[in-house]
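Since this is a predicted model, take the numbers as computed values, not measurements. Letters go in sequence order (proteins before strands), and every chain restarts at 1.
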Amino acid sequence: MGQAEVSDQGAATGAPVPKNVAVSQGQLDAADKDGVNYLQSNMSYAQTRYYPATQIDTSNVHKLRPAFQFQTEVLESMETSPIVVDGIMYITTSYNHVYALDAATGKEYWHYKHKMGAVTTYCCGPNNRGVAVMGDRLYMGTLDAKLLALDAKTGKVLWAVQVADPEAGYSETMAPVAVNGKVLIGTNGGEYGIRGFVKAYDAKDGKLLWTFNTIPEKGSEGVWAVNDATNRNLHRDLAAEKAQLAKSGDFYKVLGGGVWMAPAIDRETNTAFFVVGNPSPDLYGAERPGDNLYTDSMVAVDLNTGAYKWHFQYVPHDVWDLDAVSPVVLTEAMGKDGRVHKVAIHGGKTGHIYVNDRVTGELIRFSEAMIPQENMWVLPTKDGARMLPGANGGVEWSPMAVNPVLHLAYAANLHQPMTYHVEDAKYPGGKLWLGGAFKVIASEKQWGRLAAVNLDTGKVAWKFDTEQPLIGGVLATAGGLVFNGEGNGLFRAFDARTGKMLWEYQCGAGVNAPAVSYMVGGKQYVAVAAGGNTQLDFKRGNSVIVFALP
Amino acid sequence: MTFSCRVLAGLLMASAGLAVQAQTADAVPPKVAVCAACHGPQGKSTQPAYPILAGQTSRYMYLELRDFQEGRRANDLMSPIAVGLTRDEMHELSDYFAKQRPPVQSFATDPAKARLGKLKADETLCTMCHLGGFAGQNEIPRVAGQHYDYIVKQLSDFKARKRTNDAGNMTSVANTLSAQDIENLANYLVGL
């Protein structure tokens, strides 16, 4: 593994983009202040998704109209976060297509279609969440667990490396992060008994630079925590777990711990922050004793070496799949000492936003629950035990946005009442390994909630309830706006301060991707994919719709 | 060699090449005939007890054959057949059937039951794994348009824990399904 190869990865069709594409490290570092481009899947290394342009604001957003609609040839779930560089937009689709288009007109330049390997193994849809850009190259992870470098001008494959073995359950759907000559990528596979990781590759040639295994070979049992991060009892049978540990072998190799979303980067301290997903199998915990570190945790590692710095676990020994997926955001919030601290925050499937000190990892506070919680943490049973939230969250992979002026974080939540079921299950070797099931309760209504949380107090400042559970992510702008979409096709703008809905547009298919914004020729645009969602079976589409003022 | 001979030889080689290509594209693994006895030509079974293989995912079929061979799944007919297959043969057969077009189902579904089946499928979050329209993906089988009797048998076997080769997922899913739920689901799935 790690040997670069370029043959047999498919080729782009169409024409080169009519200008040279070059994104410097300086541009990437200043992406949070770049009111023209949109350079990273979550806008900047801090991942605030707070776009600095103000042309579209609370006073005129009601005039927003479609400027163009770009249709891909793939009618399946869209989770892409478009990247825009100097008027060129790059989008991805399910099954790893990439399109380069004119960001002002929708004119297609080139189309790359990845030649998928014979074996793919993935949970929750053939998704892709976008590319990373650095220099004159794009980087994309693929469902067959490869990392590709493409020429941003032509779509030509420059190198490809096998990140992990798809036969064993590894796949890639996240947007990688490109920084200082490296490309960082995690892995899916927590539903298949993988051993998760974040890897860093040399952007130049795809050479593996370091690997951080999210499951340590020794010590995954942790501190035998009795409570979760919010001090609620987890109902663990620690004596049975300790007895099991004494006879357990090398279960660390199949303990899961996927990393689904792009890491946040603090360039000042040279640190990468990410959250780690559930242990495997999801619901059957008897044969994976201990806290199952570093699953369900935020982890900070050295950007140069991948060396561990700190971790903070939200749900030790998770048997509900209420894990950590939504990407880390770096921002500021009031500390316990009344002073402003640099913090790393995460919106959990539990329905809490957790605020941790960025240097020490210490938990400063957790928000009040954004959605109903009931019966936590009742253990799953054979016939099913009811507990809220359901296994999709709370906040699923959907990236949050943060308005740093208001100190508000905006999170897209699901409310899906579920029963949790457990079954004994041995490692099945590359097959889905849930060790049970979760089922929605038909008699109970499902809905969604866009919640704004004050990071200084943990209180919900406002909320907007929706017909459909929300999955897809949020964009905030300096125009005092928040954008979010729903599975029924409605894409909306809200007043960031009050939550008042100011505008909505019916996109015709599920808006289950995070919006982005950019400027071309002095005009601000807002773009969002409307492709529906596999996980919640929202109506599929194949479009990116781009809006502007008349 | 004269010019004309060269042209002729070239043409012969070209046509031979085409013939080889055509043969490869339509290659039928030798052991397909064994499968056809129950699963029908091209895997388009017309006998409700035997699943339609045409259009099934290759990965699923390969893993099931491997499970039959290694005893994780048992069936009086399939187990002894699978024992005699090499891994390459399993891959060839799986790839072959995956490439065939699934037949149109003629089963007369009960619309009321199918509607209830759809509701139960939504509640059970089936498409999270089986994908929209139950088209299947990778190691998760296509169930759309499968035989009614076969769907009922498999869900009942999962429920009764007679089939346990799926790491607890489907046994857990089927555990809380009633016989009526299974009938409704089968009515829904056969019509997709």
Handout entry: Donor-acceptor under 3.5 Å (A/Lys382 side chain, B/Asn175 main chain)
Key = no
Practice task
State, with a plain yes or no, whether a side-chain heavy atom of B/Asp122 is found less than 4.5 Å away from one of A/Gln446.
Solution key: no
Problem - Validation row: B/Asp166, A/Leu432 side chains within 4.5 angstrom (heavy atoms) - result: no
Problem - side chain to side chain donor-acceptor pair (under 3.5 Å) evaluation trace for A/Thr120 with B/Asn138 - result: CA-CA 6 Å; A/Thr120 51; B/Asn138 305 315; 2.4 Å; yes
Pick one of side chain, backbone, both or neither for [X], based on which atoms fall under 4.5 Å of a heavy atom in chain B.
X: A/Phe438; value: both
X: A/Glu167; value: both
X: A/Tyr192; value: side chain
X: A/Tyr284; value: neither

Just how far is it from atom [atom1] of [X] to atom [atom2] of [Y], taken to the nearest 0.5 Å?
X: B/Leu125; Y: A/Met418; atom1: CG; atom2: CE; answer: 5.0 Å
X: A/Ile441; Y: B/Glu123; atom1: CD1; atom2: CD; answer: 8.5 Å
X: A/Thr534; Y: B/His130; atom1: OG1; atom2: NE2; answer: 14.0 Å
X: B/Arg72; Y: A/Lys426; atom1: CZ; atom2: NZ; answer: 14.0 Å
X: A/Lys439; Y: B/Thr176; atom1: NZ; atom2: OG1; answer: 2.0 Å

Practice task
Pick one of side chain, backbone, both or neither for B/Ile140, based on which atoms fall under 4.5 Å of a heavy atom in chain A.
Solution key: side chain
Problem - Candidates B/Val173, B/Asn169, B/Thr164, B/Thr171 - the one meeting side-chain contact (heavy atoms from CB on, under 4.5 Å) with A/Glu423 - result: B/Thr171
Fill in the blank from the handout: Residues pairing under ring pair (Phe, Tyr, Trp, His ring centres under 6.0 Å) where one sits in residues 63-86 of chain B, two or more places apart or in two chains, turn out to be none
Problem - Largest heavy-atom contact set with chain B, pairs under 4.5 Å, which of A/Ala442, A/Pro126, A/Gly436 - result: A/Gly436
Handout entry: Max heavy-atom pair count under 4.5 Å with chain B, selected residue of A/Gly193, A/Gly532, A/Ala437
Key = A/Ala437
Handout entry: Considering all heavy atoms, the nearest A/Gly430-B/Arg59 contact
Key = O-NH2, 4.3 Å
Problem - Residues of residues 184-192 of chain B near chain A, each having a heavy atom less than 4.5 Å away - result: none
